[in-house]
Peer 1: 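So that we are looking at the same thing, I have put the structure below in structure tokens.
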Protein chains: 2
Amino acid sequence: MESDWLQRLPAGRQNLYDTGEMICRPGMAHNRIFMLNSGSARICLSAEHRELTLGCLKPGSIYVTHTRAWVESLEPTSITSWPIEQLTLLIVEAPEIAITAMREIGKMLQQATTLIEDLAFRSVESRLARYLLLEESTQQCQTIQLTGQTELLASLLGTSRQTLSTLLNRMIRDGLVARPDRQHLILLDTQRLQQLASVS
Amino acid sequence: MESDWLQRLPAGRQNLYDTGEMICRPGMAHNRIFMLNSGSARICLSAEHRELTLGCLKPGSIYVTHTRAWVESLEPTSITSWPIEQLTLLIVEAPEIAITAMREIGKMLQQATTLIEDLAFRSVESRLARYLLLEESTQQCQTIQLTGQTELLASLLGTSRQTLSTLLNRMIRDGLVARPDRQHLILLDTQRLQQLASVS
DNA sequence: TCCACACTGTCAGCTGGCTGACAGAATCGT
DNA sequence: ACGATTCTGTCAGCCAGCTGACAGTGTGGA
């Protein structure tokens with residue numbers, strides 16, 4: 001749906017990135033809007049020795065470079081980008097684009113709000129439970145596929161590798177979830193997970 | 001500048017609120033855009049027994065009701081509101097409005113990012129220092145005016161009343177700031193505050 | 001097949017910040 | 001002018017989660 005209007009833009013610049021390369025970093029020279037064609041990337045904030053992943057970009061996702069966040073490719077990734085001024089011009093010509101774009105930004109704001117709520121009010125365990133339930137409903141299957149390893153998930157939940165590992169293994173011991181193999185998790189006791197997710 | 005284009009909208013609905021009244025709460029029936037005419041209000045998230053203030057609205061500020069946040073008036077306040085659909089229609093007719101609106105939303109996203117960074121990476125003391133320095137540069141004067149009392153500032157920094165009080169008084173004892181009276185603070189040692197703000 | 005290296009689990013120790021409690025200061029209504 | 005109410009400062013006790021350390025488990029290359 002979004003790609004629909006992006007295709008009407010004049011031809012953009014193509015770029016390829018290797019695993020781990022930075023697609024953009026804060027304070028980059030030019031303000032561009034880009035769409036991810038293939039591969040995947042994570043949006044993250046970072047400080048001294050910590051990182052927090054705000055979200056992941058998949059093929060079709062749109063993002064802008066002028067943020068205070070970094071974007072790092074997680075696998076070989078290709079993007080198409082345009083200077084932001086072209087978007088402004090196009091909006092004048094085809095206003096319905098603006099509405100779509102605003103909806104996109106709104107979604108991001110929504111996501112940011114959720115994250116703020118989580119960080120401010122909820123324990124790591126609760127955040128983990130919420131994440132699991134959310135993933136279950138996003139991927140239709142009840143066996144959920146983890147992206148990357150512990151480290152990445154930890155930074156997605158805003159915690160340390162160790163804490164996440166401990167918590168996850170406790171959940172397994174308590175029979176809330178099972179892990180058939182490294183990359184997959186099965187939610188066994190949705191009831192109790194929901195309880196964990198809502199309380200504190 | 002924003003009020004400029006809002007005035008071109010068809011006449012909106014006027015509403016008055018007393019101190020402490022809720023202007024909007026999450027999951028409200030209709031999705032409206034509003035502008036604050038007079039008074040002030042705070043945007044906040046809340047859980048069981050805690051609250052986090054995301055920001056304050058002043059005369060001229062624009063906001064929408066469909067968020068997961070609450071908006072509470074801090075003093076007798078008047079707003080004008082329009083159903084969100086009217087904005088959509090107007091964008092089609094006068095596209096430059098969209099650009100302004102997107103800039104507004106962008107600013108909010110920026111603010112949200114800062115908050116996330118703060119909550120995830122920084123200590124309360126550091127956040128307090130940042131806040132003070134920011135207020136100093138916003139209000140031109142170096143004697144800064146506090147809005148509301150300790151409780152409100154605490155929730156703005158995402159901490160408890162007690163912690164904030166302790167920290168602030170320690171800063172006073174250490175000569176970083178002075179407090180001529182309840183409602184005002186003078187920054188004495190900007191240098192050290194900057195240090196606190198950047199580290200940890 | 002074996003070594004190197006990256007990922008994972010777990011533990012002990014520490015600490016920032018929360019909570020509840022309470023006394024002192026301001027402010028307000030009548 | 002004096003109770004009542006709200007706001008403020010401070011303290012002791014507690015705990016979630018961070019850190020560093022280290023052993024165990026994969027996994028891949030030559």
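Labels below follow one simple rule: chain letters A, B, ... track the order of the sequence lines, proteins then strands, and each chain is numbered from 1.
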Peer 1: Nearest whole Å is fine: how far is D/dC18 C1' from A/Glu125 CD?
Peer 2: 17 Å
Peer 1: Working to the nearest 0.5 angstrom, can you tell me the gap between A/Leu119 CG and B/Ile116 CD1?
Peer 2: 7.0 Å
Peer 1: Who passes salt bridge (Lys or Arg N to Asp or Glu O under 4.0 Å) against B/Arg192, sequence neighbours left out?
Peer 2: B/Asp189
Peer 1: Considering only distance and modelled atom types, tabulate donor-acceptor pairs under 3.5 Å from the side chains of residues 158-166 of chain A, sequence neighbours left out.
Peer 2:
{"residue": "A/Ser160", "atom": "OG", "partner": "A/Thr163", "partner atom": "N", "Å": "3.3"}
{"residue": "A/Ser160", "atom": "OG", "partner": "A/Thr163", "partner atom": "OG1", "Å": "2.9"}
{"residue": "A/Thr166", "atom": "OG1", "partner": "A/Gln162", "partner atom": "O", "Å": "2.9"}

Peer 1: On DNA chain C, which is the earliest and which the latest nucleotide, 5' to 3', with an atom closer than 4.0 Å to a heavy atom of chain A?
Peer 2: C/dC7 to C/dT10
Peer 1: Once salt bridge (Lys or Arg N to Asp or Glu O under 4.0 Å) is applied, do any residues pair with A/Glu117, and if so which ones, sequence neighbours excluded?
Peer 2: A/Arg122, B/Arg68
Peer 1: Checking side-chain contact (heavy atoms from CB on, under 4.5 Å) against B/Val177, which of B/Ile186, B/Leu193, B/Thr190 comes through?
Peer 2: B/Leu193
Peer 1: When you measure from every atom of DNA chain D, which of residues 163-173 of chain B have a heavy atom less than 4.0 Å away?
Peer 2: B/Ser165, B/Thr166, B/Asn169, B/Arg173
Peer 1: Produce a footprint string for nucleotides 22-27 of chain D: one letter per nucleotide, 5' end first; B if the base is under 4.0 Å from any protein heavy atom, S if only the sugar-phosphate is, - if neither.
Peer 2: ------
Peer 1: Considering residues at least two apart in sequence or located in another chain, which fulfil the side-chain hydrogen bond (donor to acceptor under 3.5 Å, both in side chains) criterion with A/Thr77?
Peer 2: none
Peer 1: B/Ser40: which residues meet the side-chain hydrogen bond (donor to acceptor under 3.5 Å, both in side chains) condition with it, sequence neighbours left out?
Peer 2: B/Glu75
Peer 1: Measure the distance from CZ on B/Phe121 to P on D/dT19 and round it to the nearest whole Å.
Peer 2: 11 Å
Peer 1: Axis-to-axis angle across the helix from C/dT1-D/dA30 to C/dT30-D/dA1, five pairs an end, to 10 degrees?
Peer 2: 40°
Peer 1: Determine the contact category for B/Ser160: base if any of its heavy atoms lies under 4.0 Å from a base atom, sugar-phosphate if only primed atoms, P, OP1 or OP2 are that close, otherwise nothing.
Peer 2: base
Peer 1: Indicate the atoms forming the closest heavy-atom contact of A/Tyr63 with A/Ala69, along with that distance.
Peer 2: OH-CB, 4.2 Å
Peer 1: Can you confirm whether the side chains of B/Glu135 and B/Gln139 place a donor and an acceptor under 3.5 Å from each other?
Peer 2: yes
Peer 1: Going by side-chain hydrogen bond (donor to acceptor under 3.5 Å, both in side chains), name the residues that satisfy it together with B/Thr150, two or more places apart in sequence or in a different chain.
Peer 2: none
Peer 1: Output the rounded distance in Å from CD (A/Glu151) to P (D/dC18).
Peer 2: 12 Å
Peer 1: Distance-only check: which donor-acceptor pairs under 3.5 Å involve side-chain atoms of residues 24-36 of chain A, not counting sequence neighbours?
Peer 2:
{"residue": "A/Arg32", "atom": "NE", "partner": "A/Ser81", "partner atom": "OG", "Å": "2.9"}
{"residue": "A/Arg32", "atom": "NH2", "partner": "A/Ser81", "partner atom": "O", "Å": "3.2"}
{"residue": "A/Arg32", "atom": "NH2", "partner": "A/Ser81", "partner atom": "OG", "Å": "3.2"}

Peer 1: Applying salt bridge (charged side-chain N to carboxylate O under 4.0 Å, His left out) as the test, list every pair that has at least one member in residues 163-173 of chain A; sequence neighbours left out.
Peer 2: A/Glu125-A/Arg170
Peer 1: Are side-chain N/O atoms of A/Asp18 and A/Ser73 paired as donor and acceptor at under 3.5 Å?
Peer 2: no
